[in-house]
Amino acid sequence: MNLELTATQQALRKEFRSFVDTELLPYANAYDKEGYIPLELIQQLGEQGYLGATLPVEYGGRGMDQLSYGLLNEEIGRACSSTRSLITVHTSLTAETILRWGTKGQKEHWLPLLARGLKLAAFGLSEPDAGSDTAGIKTSYTEQNGSYELNGVKKWITFAQIADLYVIVARGEQGITAFLVERNTPGLTIKPMEGILGTRASMIAEIHLKHCVVPAENILGRKGWGLPQIVNTALDNGRYSVACGSLGIARACLEDSIQYARTRQQYGQLLKDHQLTKQKITNMVTEVKAATLLCRNAGFLRDKKDPDSIIQTSLAKYHASRIANTVAADAVQLHGALGCHDSLSIQRYFRDARVMEIIEGSTEIQQILIADHSIAGLDTIL
Amino acid sequence: MDTTTQAGARTIIREFLRKRVGQDIQFNDAEDIFAAGLVNSLFALELVVFLEQSFDITVENEDLNLQNFSTVENLEAFILKKKDK
């Protein structure tokens, strides 16, 4: 396995880093405080092709491989996890899932719009009483003369405040099924949510569906296969994005910590010359390197369409989201009072990291999946 | 697909399933691995990716029928049917 970046991947990484450093990083703290990302930024992301990074060129996407897409998520995540979460729900959870399982008509209609960010998409799975226990969803569908009426409430839906298209997962007589529901469908209302700990600009909302009728051609995937087919595909895609985004948080904390240690004087010497600082930096860099290798490995296997890519993506998400927390905590400690103040990004990374262990399958869900695979046989893991 | 590759297909399927359910778990080619509770929630997705990669087929929405994927025998029959198309 060669995890070295190709010349094309290196050039893409340079492009992503340049975009992030000029167009995103300087404003990310303001977005976090204000609780939203501006439409101008979303337009820029669309123009750059970042909202359709992995979609084929024929649909207006950039046709990137998965490893390059991982680099995009890492670089965006290095600056702003809220913006990265837009890419996660729009591209990974929704567009990539429509690409894989959508009908010809769904793909031809939606993918060109999603690829350029002309329409935004969100994924409606979680509910007030159903988080990790996805089978516990209560939102319902009933068939009526060839159409489907949806009723229920979705909660914690990232970028639901401004999305134009929602994947809604609902239960009914023929089993749990996914539907494409447009924002302007009568009976659909959005209730913005505030007060989230991290990714504060991710514009979360509740989606209320009351006698919301969609035609049969809006079913995404096979009727009754909503969980094993659509949700599992979407979450697998999303986990890769979150894994790489978490790596980006950890990398930002490491880079900022090294920069600070080079200039901050305490007890007559620079922080970088204190042995305890060297220990912290060593622990941080080792964790970041390990997460980098796990994310690259997942990207490499995803590009090969290897079935082991699914558990390896889970492993990458599990590790990267956990070390984002430990590295962010070390970064706060190293920065002292400054690390706790909103004049720096460190406190935002610390809060954002916490969210990473909850979304796209919590740490506990990953532990169950990884342990089950390991107990069955270590060949698929190691 | 000739008979040699048919036999090969069954071996490849068995090998994949053994890796997923565990080498020490016994099951025969006619046993329903879903009904027996031998696989976890990620398995269906892993199985689809495995079938597409190993046998150069595309699993479509209409192929998603538990009957197609429930046993080694059914999986082999499904692959042969897809290859004949």
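Numbered from 1 within each chain, the chains take letters A, B, ... in sequence-line order.
- Considering only heavy atoms from C-beta on, B/S41 comes within 4.5 Å of A/L369 through its side chain.
- Contact of B/L51 with chain A is not made at all, since no heavy-atom distance falls under 4.5 Å.
- Looking at B/V48 and A/Q229, their side chains never come closer than 4.5 Å, going by heavy atoms from C-beta outward.
- When heavy atoms are compared at a cutoff of 4.5 Å, A/N232 approaches chain B by way of both its backbone and its side chain.
- Only the side chain of A/D236 comes within less than 4.5 Å of a heavy atom of chain B; its backbone N, CA, C and O stay farther away.
- Proximity to chain A (any heavy atom under 4.5 Å) is shown, for B/V59, by both the backbone and the side chain.
- Taking the charged nitrogens against the carboxylate oxygens, A/D379 and B/R20 have no contact shorter than 4.0 Å, which rules out a salt bridge.
- Contact check on B/E62 versus A/K223 returns no salt bridge, with no Lys/Arg side-chain nitrogen under 4.0 Å from an Asp/Glu carboxylate oxygen.
- If you measure heavy-atom distances from B/F16 to chain A, the contacts under 4.5 Å come from the side chain alone.
- At a 4.5 Å heavy-atom cutoff, the contact between A/W101 and chain B is made by backbone and side-chain atoms alike.
- Using a 4.5 Å heavy-atom threshold, the side chains of A/H373 and B/N40 count as touching.
- Ranked by heavy-atom pairs under 4.5 Å with chain B, the first of A/D372, A/L227, A/D308 is A/D308.
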